[in-house]
Trainee: 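Structure provided below as structure tokens; questions to follow.
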Amino acid sequence: QVQLAESGGGLVQAGGSLTLSCAASGRLFSIYLIGWYRQAPGNERELVASLNRGGSITYADSVKGRFTISGNIAHIDLQMSSLKPEDTAVYYCYVFVHAREDYWGQGTQVTVAS
């Protein structure tokens with residue numbers, strides 16, 4: 001089993017910055033990928049950024065140049081800058097393990113006010 005602890009969500013003005021953190025605990029040796037997804041009302045859940053055990057990083061086109069993911073397979077930080085109202089969503093930490101199981105955090109709200 002893997003447990004995920006999320007932090008860092010909140011309210012910020014447009015153009016501001018926030019940092020989200022996700023810490024994984026449990027069977028850490030089995031984790032293959034860790035990252036952040038987000039979902040806004042009326043929209044489908046989308047990948048924001050992720051990294052895998054080999055160090056490969058993926059970003060959504062909409063956040064490239066503004067968001068940076070860092071850390072390791074057990075603890076990641078997502079630095080978000082130049083935030084826009086369209087970044088408003090619930091952000092979910094996600095983990096995929098070698099046993100072909102996945103885990104989701106409970107979600108943390110990010111609200112960007114215009």
Side-chain angles (χ1 to χ4, degrees):
Q1 298 292 319
V2 175
Q3 296 80 44
L4 301 174
E6 304 163 321
S7 64
L11 173 66
V12 66
Q13 298 297 310
S17 300
L18 282 175
T19 297
L20 304 181
S21 296
C22 179
S25 60
R27 296 187 292 109
L28 301 182
F29 79 95
S30 67
I31 296 175
Y32 178 76
L33 177 145
I34 186 168
W36 286 95
Y37 285 70
R38 68 185 181 186
Q39 187 167 25
N43 293 346
E44 62 184 7
R45 189 169 297 185
E46 64 175 348
L47 173 71
V48 178
S50 67
L51 67 83
N52 67 16
R53 185 169 290 275
S56 180
I57 295 174
T58 299
Y59 293 105
D61 288 341
S62 60
V63 308
K64 288 180 180 177
R66 300 188 298 121
F67 292 10
T68 301
I69 191 169
S70 62
N72 55 56
I73 207 68
H75 189 132
I76 52 167
D77 292 324
L78 182 69
Q79 296 177 301
M80 305 183 294
S81 62
S82 301
L83 283 162
K84 306 173 181 179
E86 48 264 45
D87 294 317
T88 296
V90 177
Y91 285 68
Y92 298 90
C93 187
Y94 170 81
V95 162
F96 182 76
V97 305
H98 288 300
R100 304 179 73 181
E101 301 173 3
D102 55 17
Y103 299 88
W104 293 92
Q106 65 182 357
T108 184
Q109 178 71 47
V110 172
T111 301
V112 184
S114 61

Trainee: Rounded to the nearest 0.5 Å, how far apart are OG1 of T58 and CG of L51?
Mentor: 9.0 Å
Trainee: Once the angle between the rings of Y92 and W104 is folded into 0 to 90°, is it parallel (under 30°), tilted (30 to 60°) or perpendicular (over 60°)?
Mentor: perpendicular
Trainee: Please check this pair: side chain of E6 against backbone of Q106, looking for a donor-acceptor N/O pair closer than 3.5 Å.
Mentor: yes
Trainee: What pairs meet the disulfide (SG to SG under 2.5 Å) rule with one or both residues in residues 70-114, with sequence neighbours excluded?
Mentor: C22-C93
Trainee: Quick one: are W36 and I76 in side-chain contact, heavy atoms under 4.5 Å?
Mentor: yes
Trainee: Quick one: do L4 and I31 end up in the same hydrophobic cluster if we chain Ile, Leu, Val, Met, Phe, Trp and Tyr together by side-chain heavy atoms under 4.5 Å apart?
Mentor: yes
Trainee: Only pairs at least two apart or in different chains count here, so list each side-chain hydrogen bond (donor to acceptor under 3.5 Å, both in side chains) that has a residue in residues 40-51.
Mentor: R38-E46, Q39-R45
Trainee: Mind checking whether I69 and Y91 sit in one hydrophobic cluster, side chains of I, L, V, M, F, W, Y counted as touching below 4.5 Å?
Mentor: yes
Trainee: Taking all heavy atoms of L28 and all of A74, pick out the closest pair and write down the distance.
Mentor: CD1-CB, 4.0 Å
Trainee: Under 3.5 Å, is there a donor-acceptor pair between the T19 and D77 side chains?
Mentor: no
Trainee: Going only through I, L, V, M, F, W and Y residues with side-chain contacts under 4.5 Å, is there a path from I57 to M80?
Mentor: yes
Trainee: Spell out, yes or no, whether L11 and V110 are grouped together once hydrophobic residues are joined by side-chain heavy atoms under 4.5 Å, including indirect joins.
Mentor: no
Trainee: Could you tell me which residues satisfy side chain to side chain contact (heavy atoms under 4.5 Å, CB included) with V12, sequence neighbours excluded, listed by chain and number?
Mentor: L18, L83, V112
Trainee: Taking only residues at least two apart or on different chains, which pairs with a member in residues 96-108 satisfy salt bridge (charged side-chain N to carboxylate O under 4.0 Å, His left out)?
Mentor: R27-E101
Trainee: Flag the pair Q1 / Y103 as yes when at least one side-chain heavy-atom distance between them is below 4.5 Å, and no otherwise.
Mentor: yes
Trainee: Mind checking what makes side chain to side chain contact (heavy atoms under 4.5 Å, CB included) contact with S17, not counting sequence neighbours?
Mentor: S81
Trainee: State, yes or no, whether a side-chain contact exists between T68 and Y59 at a heavy-atom distance under 4.5 Å.
Mentor: yes
Trainee: Specify the closest pair of heavy atoms between L20 and G9, including all atoms of both residues, with the distance to one decimal.
Mentor: CD2-N, 3.5 Å
Trainee: For A23 versus H75, what's the shortest heavy-atom pair and its separation?
Mentor: CB-ND1, 3.9 Å
Trainee: Is F67 close to L78 at the side-chain level, that is, under 4.5 Å between some pair of heavy atoms?
Mentor: yes
Trainee: Give the minimum heavy-atom separation between S114 and A14, together with the two atoms involved.
Mentor: CA-CB, 4.3 Å
Trainee: Any side-chain heavy atom of L33 within less than 4.5 Å of one from Y94?
Mentor: yes
Trainee: Given the rule that I, L, V, M, F, W and Y join up when any side-chain heavy atoms are under 4.5 Å apart, are Y37 and V63 in one cluster?
Mentor: no
Trainee: According to salt bridge (Lys or Arg N to Asp or Glu O under 4.0 Å), who are the partners of R53, at least two apart in sequence or on a separate chain?
Mentor: none
Trainee: Salt bridge check, D61 against K64: does any charged N sit closer than 4.0 Å to a carboxylate O?
Mentor: yes
